[in-house]
Amino acid sequence: MTIDELAFRSGVPKGTINKIIAGTTKSPTLDTVQSIAEALGKTIGDFIEPRSVQPLPFSREEDKLIRKYRLLNVYDKQLVEDVLEAAYNHTTRNISPEDAGGISYIKCYELPAAAGTGEPLGNTYYTDTIQVETQRLPRNAHICIRVHGNSMEPAYHDGEVVFVQRLDGESVRVGEIGIFILNGDGYIKRLGQGVLESLNPAYAPIPIHDYDDLRCQGRVLGKI
């Protein structure tokens with residue numbers, strides 16, 4: 001269909017259609033769009049693309065840290081990076097069988113905390129006791145839980161076991177990683193502002209609504 005024919009069928013001036021096609025007119029009126037749609041045998045809905053809501057790349061707390069970091073001089077930035085690297089290595093470390101030291105025993109919940117879309121908890125938990133080298137056991141670790149899924153990569157991978165500190169009814173702080181039960185499903189996630197966040201960018205944040213039943217089961221301290 002030519003522009004002349006479209007203008008004739010729709011009753012919209014040719015000049016107006018040319019401006020829309022060229023992008024000069026970016027917000028045509030509803031009547032104009034409806035007339036063009038009908039002339040093409042379409043509806044207005046055919047012209048509308050759904051808006052995708054993209055999650056923020058980081059939380060508000062992380063944004064504050066980034067802003068502070070940018071104000072530091074080169075020496076203080078290096079200090080922050082050194083501390084961050086040490087903390088990251090502590091969180092993601094693996095226990096080596098060659099490490100020397102005593103042996104401690106800690107309960108491990110074999111029903112996995114999901115690192116993906118959620119793992120039904122119900123009453124099917126059962127525990128086992130595993131051996132951990134004492135020098136590798138975090139001071140405040142009470143239990144261990146096995147991870148399922150890949151949404152918390154690169155820090156926590158499918159099948160790995162994480163150390164968890166019980167919080168006695170409290171919750172982790174924003175930016176911390178915890179074990180959560182959301183409406184009966186178990187997750188290992190980072191707590192954000194009104195959402196449960198994954199470390200893997202392929203997974204969108206899980207919104208927390210006022211009517212949701214959210215319970216924090218503990219703080220993740222590291223992994224085996």
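These numbers come from a predicted model, not from an experiment.
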For residues P28 and V12, determine if any side-chain heavy atom of one lies less than 4.5 Å from a side-chain heavy atom of the other.
no
Does K223 use its side chain to pair, donor to acceptor, with the backbone of A155 at less than 3.5 Å?
yes
Closest non-hydrogen atom pair between V195 and E197, with its separation:
CG2-CG, 3.7 Å
For the CD1 atom of I103 and the CD1 atom of I130, what is their distance to the nearest 0.5 Å?
11.0 Å
With rounding to the nearest 0.5 angstrom, report the CD1 to CD1 distance, I143 to I106.
7.5 Å
Can you check whether Y75 reaches N73 side chain to side chain, under 4.5 Å on heavy atoms?
yes
Show me the side-chain donor-acceptor pairs of residues 169-179 shorter than 3.5 Å, one per line, residues at least two apart or across chains.
residue: R173; atom: NH2; partner: E176; partner atom: OE2; Å: 2.9
residue: E176; atom: OE1; partner: R173; partner atom: N; Å: 2.8
residue: E176; atom: OE1; partner: R219; partner atom: NE; Å: 3.1
residue: E176; atom: OE1; partner: R219; partner atom: NH2; Å: 3.3
residue: E176; atom: OE2; partner: R219; partner atom: NE; Å: 3.3

Output for pair (L191 CG, I208 CD1), nearest 0.5 Å, gives 6.0 Å
Other residues, nucleotides and ligands only: do more than 12 of their heavy atoms fall within 6.0 Å of NZ on K64?
no
Linked, directly or transitively: V33 and L40 (ILVMFWY side chains, under 4.5 Å)
yes
S198 and K189: side chain to side chain contact (heavy atoms under 4.5 Å, CB included), yes or no, with the steps?
CA-CA 6 Å; S198 301; K189 295 292 180 186; 2.7 Å; yes
Where is the tightest heavy-atom contact between A7 and P13, given as atom of each residue plus distance?
CB-C, 4.4 Å
Identify whether I36 and M1 are in the same connected component of the hydrophobic contact network (ILVMFWY, side-chain heavy atoms under 4.5 Å).
yes
Would you check, one step at a time, whether the test side chain to side chain contact (heavy atoms under 4.5 Å, CB included) holds for I224 with C108?
CA-CA 11 Å; I224 299 178; C108 180; over 6 Å; no
When you measure from the side chain of N200 to the backbone of N150, do you find a donor-acceptor pair of N or O atoms at a distance under 3.5 Å?
yes
Closest heavy-atom pair and its distance - Y109, R166:
OH-NH2, 2.8 Å
Flag the pair Y203 / E153 as yes when at least one side-chain heavy-atom distance between them is below 4.5 Å, and no otherwise.
no
When rounded to the nearest 0.5 angstrom, what distance separates CD1 in I206 from OH in Y187?
4.5 Å
Measuring from L221:CG to R139:CZ, what's the distance to the nearest 0.5 Å?
11.5 Å
Result block: side-chain N/O donor-acceptor pairs under 3.5 angstrom for residues 18-26, not counting sequence neighbours:
residue: N18; atom: ND2; partner: K14; partner atom: O; Å: 3.4
residue: K26; atom: NZ; partner: G23; partner atom: O; Å: 3.2

CD/Q131 to OG1/T129 distance, rounded to the nearest 0.5 angstrom?
9.5 Å
Taking the side chain as every heavy atom from C-beta outward, state whether R215 and D213 have any atom pair closer than 4.5 Å.
yes
Heavy atoms only: give me the nearest I188-M152 pair and the separation to one decimal.
O-CG, 3.3 Å
Would you say CZ of F8 has more than 12 non-hydrogen atoms from neighbouring residues, nucleotides or ligands within 6.0 angstrom?
no
Do the side chains of V164 and L199 join up, straight or via other hydrophobic residues, at under 4.5 Å, putting them in one cluster?
yes
Hydrophobic clustering (ILVMFWY, side-chain heavy atoms < 4.5 Å, transitive) - are L79 and Y69 grouped together?
no
How close do P154 and H157 get, counting heavy atoms only, and between which atoms?
O-NE2, 3.2 Å
Looking only at heavy atoms, which two atoms of T134 and S104 are closest? And how far apart?
OG1-OG, 2.7 Å
Could you please spell out the steps behind the side chain to side chain contact (heavy atoms under 4.5 Å, CB included) verdict for I44 and L30?
CA-CA 9 Å; I44 292 181; L30 183 62; 3.6 Å; yes
